[in-house]
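One structure below.
Given the structure is predicted, the values throughout are model-derived calculations rather than measurements. We use all heavy atoms of the structure for the numbers below, so side chains are in, but hydrogens, waters and symmetry mates are not.
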Amino acid sequence: MVYIDGTDQSVTAAQYAVCLASFSSAELIALYVINTRAVEDLLKARIFLRDEQVEYEHDMEADAQRYLNYVNELAIKKGVSIVKKRGRGSVNKEIVNAVNEDQVDLLVIGELSRIRSRRDEFYDEAERAMRTVTCSVLIVKDEDRVWEMYESLA
């Protein structure tokens, strides 16, 4: 399973996951989680109004579909079949649930962002998921090398 969040790092992770799936003939699942928990927190803090929340969630749905379609295209170009999944809620919980439901044996994620404080570390949902999933986790780095590997696939 590869976790997609719309960052360049997650797209690099998707390219690497396509390579792994191609080399090992594994089934690949792409997961995008719409972080509704963060939006609810913004609403509670009165940063968003209810109408803005609905509009923002609609935008996040569109982003999820766009990125999942892009990853699907990456896989199809290399002859890899992929299952697209979308979750809603807390990113950490949704990743852990998806890993358990689909009996995933490897979670592939993009390079983690630089932690500037303990607070940032606590709130990094991908890192929390990495630490709590029951399967192995692969963190993908070196965008240029991954791109070369992806491009070299038949």
Does any non-hydrogen side-chain atom of [Y] lie less than 4.5 Å from one of [X]?
| X | Y | answer |
| --- | --- | --- |
| Gln9 | Val140 | no |
| Leu112 | Ile139 | yes |
| Glu143 | Glu111 | no |
| Val71 | Ile82 | yes |
| Met149 | Gln15 | no |

So does [Y] get a backbone contact from the side chain of [X], meaning a donor-acceptor N/O pair under 3.5 Å?
| X | Y | value |
| --- | --- | --- |
| Asn72 | Leu68 | no |
| Asp102 | Val104 | no |
| Ser24 | Leu20 | yes |
| Ser10 | Asp5 | yes |
| Tyr67 | Gly6 | yes |
| Thr12 | Asp8 | yes |

Let me see the working for Leu107 and Met130 under side chain to side chain contact (heavy atoms under 4.5 Å, CB included), right down to the final yes or no.
CA-CA 8 Å; Leu107 175 64; Met130 174 196 76; 5.7 Å; no
Between [X] and [Y], which heavy-atom pair has the shortest distance, and what is it?
| X | Y | result |
| --- | --- | --- |
| Val146 | Lys141 | CG2-O, 3.5 Å |
| Ala98 | Met1 | CB-CE, 3.7 Å |
| Glu94 | Leu31 | O-CD2, 4.2 Å |
| Leu74 | Val18 | O-CG1, 4.2 Å |
| Ala13 | Val108 | O-CG1, 3.7 Å |

Side-chain donor-acceptor contact under 3.5 Å, [X] with [Y]:
| X | Y | answer |
| --- | --- | --- |
| Gln65 | Asn69 | yes |
| Ser90 | Asn92 | no |
| Asn100 | Thr134 | yes |

Going through the distances and angles, do Glu101 and Lys85 end up as a side chain to side chain contact (heavy atoms under 4.5 Å, CB included)?
CA-CA 12 Å; Glu101 285 174 13; Lys85 290 188 77 166; 3.9 Å; yes
Is it true that atom [atom1] of [X] has more than 12 heavy atoms of other residues, nucleotides or ligands lying nearer than 6.0 Å?
| X | atom1 | answer |
| --- | --- | --- |
| Lys93 | NZ | no |
| Arg145 | CZ | no |
| Tyr16 | OH | no |

Evaluate Cys135 against Val99 for side chain to side chain contact (heavy atoms under 4.5 Å, CB included), listing each step before the verdict.
CA-CA 8 Å; Cys135 66; Val99 163; 3.8 Å; yes
Report the distance from atom CD1 of Ile95 to atom CD1 of Ile109, rounding to the nearest 0.5 Å.
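Spacing of CD1 (Ile95) from CD1 (Ile109) equals 7.5 Å.
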Identify whether NZ of Lys or CZ of Arg in Lys78 sits under 6.0 Å from the centre of the six-membered ring of Tyr150 and within 45° of that ring's axis.
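Yes - Lys78 lies over the ring of Tyr150, closer than 6.0 Å to its centre and within 45° of its axis.
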I'd like to know if Glu73 pairs up with Lys77 as an ion pair, taking the criterion as any Lys NZ or Arg NE/NH1/NH2 lying under 4.0 Å from an Asp or Glu carboxylate oxygen.
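Lys77 and Glu73: not salt-bridged.
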Checking Val11 against Thr7 for the side chain to side chain contact (heavy atoms under 4.5 Å, CB included) test, could you report, in this order, the C-alpha distance in whole Å, the side-chain angles of both residues, the deciding distance, and whether it holds?
CA-CA 7 Å; Val11 171; Thr7 61; over 6 Å; no
Flag yes if Leu153 and Val80 sit in one hydrophobic cluster, no otherwise; membership is Ile, Leu, Val, Met, Phe, Trp, Tyr, and two members link when side-chain heavy atoms are under 4.5 Å apart.
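Yes, one cluster joins them.
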ILVMFWY cluster, Ile76 and Tyr32 together (side-chain gap under 4.5 Å)
no
